[in-house]
**Student:** 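Once you've had a glance at the structure underneath, I'll fire off some questions.
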2 protein chains.
Amino acid sequence: MFSKACEYAIRASIYIARQSMTDKRASLIDISQEIASPVSFTSKILQQLVKAGIIYSIRGQNGGFGIDAAARSTKTIANIVTAIDGDAIFIDCGLGLKECSSTQPCPIHQKFIGIRNELKLVLDSTSIEEVASGLKDGETYLKR
Amino acid sequence: MFSKACEYAIRASIYIARQSMTDKRASLIDISQEIASPVSFTSKILQQLVKAGIIYSIRGQNGGFGIDAAARSTKTIANIVTAIDGDAIFIDCGLGLKECSSTQPCPIHQKFIGIRNELKLVLDSTSIEEVASGLKDGETYLKR
DNA sequence: ATCAATTCGGACAATATTATCCGATTAAAT
DNA sequence: ATTTAATCGGATAATATTGTCCGAATTGAT
């Protein structure tokens, strides 16, 4: 469904949000540890999330990553997916046709509209805060 | 959503089905032409579909590919996806966790169940015949 | 001022996916 | 029998994704 980079991005964002909820900064090392991801690769992905305005970073000693309260409640899983994988999954033709549309549909065009809508609806309506809360309560997991 | 190989596989299957509906065999060259795909790569994909029992092939002069009536009505888009991409999209955790389950869920586990069910439902219930019919009537397209 | 802990950025490496090429095989047509 | 048109299978190449390494820059602590 998503690229590896995107999976790491979502997991990292949720972990960072959880830490930010108790005013703790998350370091790259901590994050990679807690979401079981390759450190250097995760570093690149976090930089992308910073540029996309989803998380913030602070350099130097006692630095790390965080997500402020506003971003936690307004930014969604869909925002993360778009930042890392682009919006292809939300808008591209399921069969890879460039000019597929309602007036020139591929054979599964109508079928895919429903799937895509469901996907978009769910990811658009799921804030980072919402999913981080379950993690905070120990009800959900980010590794293994 | 799907790999390129899988997109070509679905488009090829639909084209072959349309041809088989009027008892015409589809050659590799024709198929690549009609679905706008790279010839040699398409060849490999068609071989996979043959091995998966979704299409049949006949070698030698006047050879080509076809899908018999039974397969057209019983084989689904889901079968094609599974043959080429495997069943990861239907069963794997959206965040890439190996041990994600209802008892040890990732933070978006419940949200994804709905998406996955919708996807599986739609692809499982869509036969090759059904989508090929629209193409036959000139209502849908397989290239561009 | 120096050191230590951290993110940033660029180059590089490994792996997976996509794509090409060509000879071998098959089977119909001549 | 030979030629021709087609799929099959293996090797190889190109590109994209995933992953590593390391020095530079930044900032707090000593």
Side-chain angles (χ1 to χ4, degrees), chain A residues 1-13 15-16 19-20 24-33 35-67 81 83-86 88-89 92 95-96, chain B residues 1-13 15-16 19-20 24-33 35-67 81 83-86 88-89 92 95-96:
Chain A
M1 184 82 79
F2 306 132
S3 67
K4 280 269 173 203
C6 191
E7 291 175 355
Y8 296 149
I10 298 171
R11 277 151 59 190
S13 297
Y15 174 72
I16 295 167
Q19 293 303 97
S20 287
K24 285 182 226 153
R25 240 171 240 152
S27 76
L28 170 62
I29 299 296
D30 285 346
I31 296 166
S32 304
Q33 178 75 27
I35 71 171
S37 67
V39 179
S40 298
F41 190 43
T42 304
S43 170
K44 303 297 188 197
I45 296 162
L46 294 175
Q47 287 177 40
Q48 287 183 265
L49 291 175
V50 170
K51 279 179 186 158
I54 293 169
I55 66 177
Y56 64 81
S57 67
I58 292 178
R59 295 172 71 157
Q61 195 162 303
N62 295 340
F65 299 88
I67 309 185
V81 171
I84 305 298
D85 281 353
I89 198 171
D92 279 9
L95 299 190
Chain B
M1 185 81 78
F2 307 132
S3 67
K4 280 267 175 202
C6 192
E7 292 173 356
Y8 296 148
I10 298 172
R11 278 151 57 191
S13 297
Y15 173 71
I16 295 167
Q19 294 302 98
S20 287
K24 286 181 224 152
R25 242 172 238 154
S27 76
L28 169 63
I29 299 296
D30 285 346
I31 296 166
S32 303
Q33 178 75 26
I35 70 171
S37 67
V39 179
S40 298
F41 189 45
T42 304
S43 170
K44 301 298 189 195
I45 297 163
L46 294 176
Q47 287 177 40
Q48 286 183 265
L49 292 175
V50 170
K51 279 180 188 160
I54 293 170
I55 65 177
Y56 64 80
S57 67
I58 292 178
R59 296 172 71 157
Q61 193 161 304
N62 293 341
F65 300 88
I67 309 184
V81 171
I84 305 297
D85 282 352
I89 199 170
D92 279 10
L95 299 189

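In what follows, every chain begins at residue 1, and chains take the letters A, B, ... in the order their sequences are listed.
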**Student:** In whole angstroms, how far is the C1' atom of dT17(D) from the CD1 atom of Ile45(A)?
**Tutor:**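 For the pair Ile45(A) CD1 and dT17(D) C1', the rounded distance is 11 Å.
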**Student:** Could you tell me whether Ser40(A) contacts a base, only the sugar-phosphate backbone, or nothing, with contacts defined as non-hydrogen atoms closer than 4.0 Å?
**Tutor:**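 The answer is base, as Ser40(A) lies within the cut-off (heavy atoms under 4.0 Å) of a base atom.
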**Student:** I need the Leu46(B) CG to Ser13(B) OG distance, nearest 0.5 Å.
**Tutor:**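 OG of Ser13(B) is found 7.5 Å from CG of Leu46(B).
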**Student:** Within the modelled atom types, does a donor on one side and an acceptor on the other bring the side chain of Arg59(B) and the base of dA27(C) under 3.5 Å apart?
**Tutor:** no
**Student:** Give one of base, sugar-phosphate or nothing for Tyr56(B), where a contact means two heavy atoms less than 4.0 Å apart.
**Tutor:** nothing
**Student:** Once you round it to whole Å, what is the distance between C1' of dC8(C) and CG of Leu28(A)?
**Tutor:** 11 Å
**Student:** Using every non-hydrogen atom in the two residues, find where Ile31(B) and Ala12(B) come nearest and quote the distance to one decimal.
**Tutor:** CG2-CB, 3.8 Å
**Student:** Taking all heavy atoms of Ile67(B) and all of Ile54(B), pick out the closest pair and write down the distance.
**Tutor:** CG2-O, 3.6 Å
**Student:** Kindly compute the distance separating CD1 (Ile55(B)) from CD (Gln48(B)), expressed to the nearest 0.5 Å.
**Tutor:** 10.5 Å
**Student:** If I take atom CZ in residue Phe41(B) and atom C1' in nucleotide dA14(D), what distance separates them, rounded to the nearest angstrom?
**Tutor:**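 Whole-Å distance recorded here is 12 Å.
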**Student:** Enter the distance from Lys44(B):NZ to Tyr8(B):OH here, rounded to the nearest 0.5 Å.
**Tutor:** 15.5 Å
**Student:** Can you tell me how far C1' of dA6(D) sits from CZ of Arg25(B), to the nearest Å?
**Tutor:**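 Going from CZ in Arg25(B) over to C1' in dA6(D) covers 11 Å.
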**Student:** Counting heavy atoms from C-beta on, name the nucleotide in dG10(C), dT18(C), dC8(C) closest to the side chain of Ser3(B).
**Tutor:** dT18(C)
**Student:** Closest approach to the side chain of Lys44(A), judged atom by atom: which nucleotide of dC8(D), dA19(C), dT20(D) is it?
**Tutor:** dT20(D)
**Student:** Strictly below 4.0 Å: does Asn62(A) bring a side-chain N or O up to OP1 or OP2 of dA29(D)?
**Tutor:**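 Yes, such a contact exists.
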**Student:** Could you check which of dT7(D), dT7(C), dA5(C) has an atom nearest any side-chain atom of Gln61(A)?
**Tutor:**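 Selected nucleotide (nearest to the side chain): dA5(C).
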**Student:** Using a 4.0 Å heavy-atom cut-off across all strands, classify Ile29(B) as base, sugar-phosphate, or nothing.
**Tutor:**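 No contact.
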**Student:** Using the side-chain heavy atoms of Val50(B), tell me which of these nucleotides is nearest: dC8(D), dT18(D), dT20(C).
**Tutor:**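 The answer is dC8(D).
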**Student:** Rounding to an integer number of Å, can you tell me how far Gln48(B) CD sits from dT18(C) P?
**Tutor:**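 Gln48(B) atom CD is separated from dT18(C) atom P by 11 Å.
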**Student:** Round to a whole Å and report the spacing from CZ of Phe2(A) to C1' of dT18(D).
**Tutor:** 18 Å
**Student:** Would you say Ser27(B) reaches dA5(D)'s phosphate, i.e. side-chain N/O to OP1/OP2 under 4.0 Å?
**Tutor:**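 No, because none of the side-chain N or O atoms of Ser27(B) sits under 4.0 Å from OP1 or OP2 of dA5(D).
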**Student:** Please report the distance, rounded to the nearest Å, between CG in Asp30(B) and P in dA5(D).
**Tutor:**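 Rounding to the nearest Å, CG of Asp30(B) and P of dA5(D) are 14 Å apart.
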**Student:** Can you work out whether Val39(A) or Gly60(A) has the more 5'-proximal nearest nucleotide on DNA chain D?
**Tutor:** Val39(A)
**Student:** Side-chain N or O of Gln47(B) less than 4.0 angstrom from OP1 or OP2 on dT7(D)?
**Tutor:** no
**Student:** In terms of side-chain heavy atoms of Phe65(B), which of dC8(C), dA29(D), dT7(D) is nearest?
**Tutor:**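 It is dT7(D).
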**Student:** Please report the shortest heavy-atom distance between Ala26(B) and Gln19(B), naming the atom on each side.
**Tutor:**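 For Ala26(B) and Gln19(B), the tightest heavy-atom pair comes out as CB-CG, 4.2 Å.
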**Student:** Could you state the atom-to-atom distance from NZ of Lys4(B) to P of dT20(C) in whole Å?
**Tutor:**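 Result: 12 Å.
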**Student:** Hey, does Leu46(A) reach any base, or is it just sugar-phosphate, or nothing, if we go heavy atoms under 4.0 Å?
**Tutor:**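 If one applies the 4.0 Å heavy-atom cut-off, Leu46(A) turns out to touch nothing in the nucleic acid.
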